[in-house]
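Whatever order the structure lists ligands and atoms in, that order sets their numbers, starting from 1.
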Amino acid sequence: MEKRILTGDRPTGRLHLGHFVGSLQNRVRLQHEYDTYILIADVQALTDNFEHPEMLRQNVFEVALDYLAVGLDPERVKIVVQSMVPELAELTIYFMNLVTVATLERNPTVKEEIKQRNFKRGVPVGFWSYPISQAADITIFKAHLVPVGEDQLPMIEQAREIVRRFNGLYGKVLIEPRAMLGTVARLPGTDGGAKMSKSLNNCIYLSDPPDTLRKRVMSMFTDPTRIHPTDPGHVEGNPVFTYHDTFNPDKAEVEELKERYRKGTVGDVEVKQKLHAALDAFLAPIRERRAQYESTPARVREIIMEGTRKARAVAQQTMDEVRSAMKLSYFE
Ligand code: TRP
């Protein structure tokens, strides 16, 4: 059997450069080697956006456009809407027996997210237990590899634990998945904060038009200890240079800028202008592909429908095996 990839994103907004280096890049690179399923995780997104279903509905389409824009090949990759694969909900219920409350309470990513969200009426059970449904996402497609950003590692670990428990109890039906991290573990925000995050407004989006890109780059945080362009500056931990290292293919130019920055012979403006040029060149083909697909929404809809249909067939097959392993196939 061809090895499979499963990964996904919550449709809460358009995708940004952090998504690209964390996971999208690996998906594009591996799409011809692996049978690839990409989940637009609207059910997971509902767990903290259940009051705004219309926002998610709009963003399912936006996220699909971002996938196609970065070069995921719709002939090859299955783009899947999570809610349209109800077998996922069924598997989640069975998995719930295999995870303790204490384990969920220890999940560092969920803990951190709960802190950020500051749920007024307490933490919804759906949100708190989403690592279980994410384990179902991964295992129902029998994925071997899960390209994700660093923050998702606890989810993959939880999925692995569930698989071991399930296979131990009911027989070897499921595959224990491996995480694959991106080239950059975590891309800082334009404000120098730990990561790009929509709520912090420190993102560069894959779909940012040229003027927005320019504004975002020219207003980036640099070395806070440097006041004049003639002051020696710090390159390490400086987000402008982190982005140069990640997105500027002209390594000689980057080295030269770093050297001059350390000596105080180049201003922030020049460093940013060169970063802007590099990012603009990087985003140009992505923008162009996005525009093409945006002009054919019916085609995009068809791609999502077709991907979801194929994925559902795989999910149904796995569920037949799961039910039979669990002695739940009564009428056969
Ligand atoms: N939790 C992921 C995120 O917030 C989205 C996601 C849902 C996912 N299901 C998945 C990622 C399965 C990898 C595998 O971005």
Side-chain angles (χ1 to χ4, degrees), residues 4-27 30 34-49 56 59-60 62-64 66-67 72 77-89 91-92 95 104 107-114 116-117 126-163 174-182 185-187 195-199 203 206 307-308 311 314-315 318:
R4 290 198 184 128
I5 277 180
L6 177 290
T7 185
D9 302 276
R10 298 178 199 174
T12 52
R14 291 171 297 139
L15 303 181
H16 51 60
L17 294 179
H19 293 112
F20 186 85
V21 295
S23 174
L24 293 171
Q25 191 174 34
N26 275 332
R27 302 178 198 178
L30 297 171
Y34 286 78
D35 185 20
T36 300
Y37 298 78
I38 313 280
L39 203 61
I40 305 184
D42 61 337
V43 176
Q44 186 176 113
L46 271 175
T47 64
D48 63 329
N49 292 283
L56 299 182
N59 280 317
V60 165
E62 294 294 333
V63 168
D66 283 330
Y67 291 163
L72 288 174
V77 169
K78 273 67 75 181
I79 297 178
V80 186
V81 181
Q82 188 182 26
S83 59
M84 303 303 275
V85 184
E87 288 75 15
L88 287 168
L91 186 56
T92 301
F95 279 178
L104 286 179
N107 188 301
T109 300
V110 177
K111 262 194 190 156
E112 179 57 32
E113 288 175 336
I114 286 173
Q116 287 164 5
R117 279 168 181 69
F127 185 84
W128 174 72
S129 58
Y130 86 71
I132 303 178
S133 88
Q134 187 158 334
D137 299 342
I138 298 167
T139 55
I140 211 164
F141 299 110
K142 298 201 176 171
H144 302 81
L145 201 60
V146 191
V148 281
E150 204 179 33
D151 61 313
Q152 294 297 302
L153 290 179
M155 306 303 156
I156 316 302
E157 204 35 62
Q158 177 68 83
R160 292 169 61 86
E161 251 176 72
I162 290 174
V163 169
L174 303 175
I175 288 174
E176 204 173 321
R178 270 191 315 117
M180 172 181 254
L181 291 178
R186 190 180 295 215
L187 191 72
K195 66 173 207 169
M196 281 195 180
S197 149
K198 189 180 57 157
S199 54
C203 303
L206 297 167
T308 304
V314 174
T318 303

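Donor-acceptor pairing under 3.5 Å is lacking for the side chains of Asp48 and Tyr130. In summary, the side chains of Gln158 and Gln134 do not present any donor paired with an acceptor at a separation below 3.5 Å, with no hydrogens or angles considered.
Proximity of Gln82 to ligand 1, defined as any heavy-atom pair under 4.0 Å, is not found for any part of the residue.
When only non-hydrogen protein atoms are considered, atom 2 (C) of ligand 1 lies nearest to Gln152 OE1, 3.4 Å. Summary of contacts: the protein heavy atom closest to atom 9 (N) of ligand 1 is Asp137 OD2, 2.7 Å. Looking only at protein heavy atoms, the nearest one to atom 11 (C) of ligand 1 is Gln134 NE2, 3.4 Å.
Gly13 and Val63 make their closest contact through O-CG2, 3.5 Å (heavy atoms, listed as atom of the first residue, atom of the second, distance). Here the shortest heavy-atom pairing between Val163 and Glu176 reads CG1-N, 3.8 Å. Closest of all the heavy-atom pairs between Leu6 and Pro147 is O-CD, 4.1 Å. Across every non-hydrogen atom of Phe141 and Ala315, the tightest pair is CE2-CB, 4.3 Å.
For Tyr34, there are no ring pair (Phe, Tyr, Trp, His ring centres under 6.0 Å) partners, not counting sequence neighbours.
Taking distance alone, with nitrogen or oxygen atoms compared against 3.5 Å, Gln44 approaches ligand 1 more closely than that limit. At a 3.5 angstrom cut-off on N or O pairs, Thr7 does not count as close to ligand 1. Any N or O atom pair closer than 3.5 Å counts here, and Asp9 shares no such pair with ligand 1.
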Take Tyr67 and Leu24 through the test side chain to side chain contact (heavy atoms under 4.5 Å, CB included) and record every step on the way to the result. CA-CA 8 Å; Tyr67 291 163; Leu24 293 171; 3.9 Å; yes
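Residue Val148 approaches ligand 1 through these ligand atoms, each under 4.0 Å from one of its heavy atoms: 13 (C). Remark: ligand 1 atoms within the under-4.0 Å shell around heavy atoms of Ala41 are 7 (C). Distances below 4.0 Å separate heavy atoms of Leu6 from the following atoms of ligand 1: 12 (C), 14 (C). Heavy-atom contacts of Arg10 reach the following atoms of ligand 1: 3 (C), 4 (O) (cutoff under 4.0 Å).
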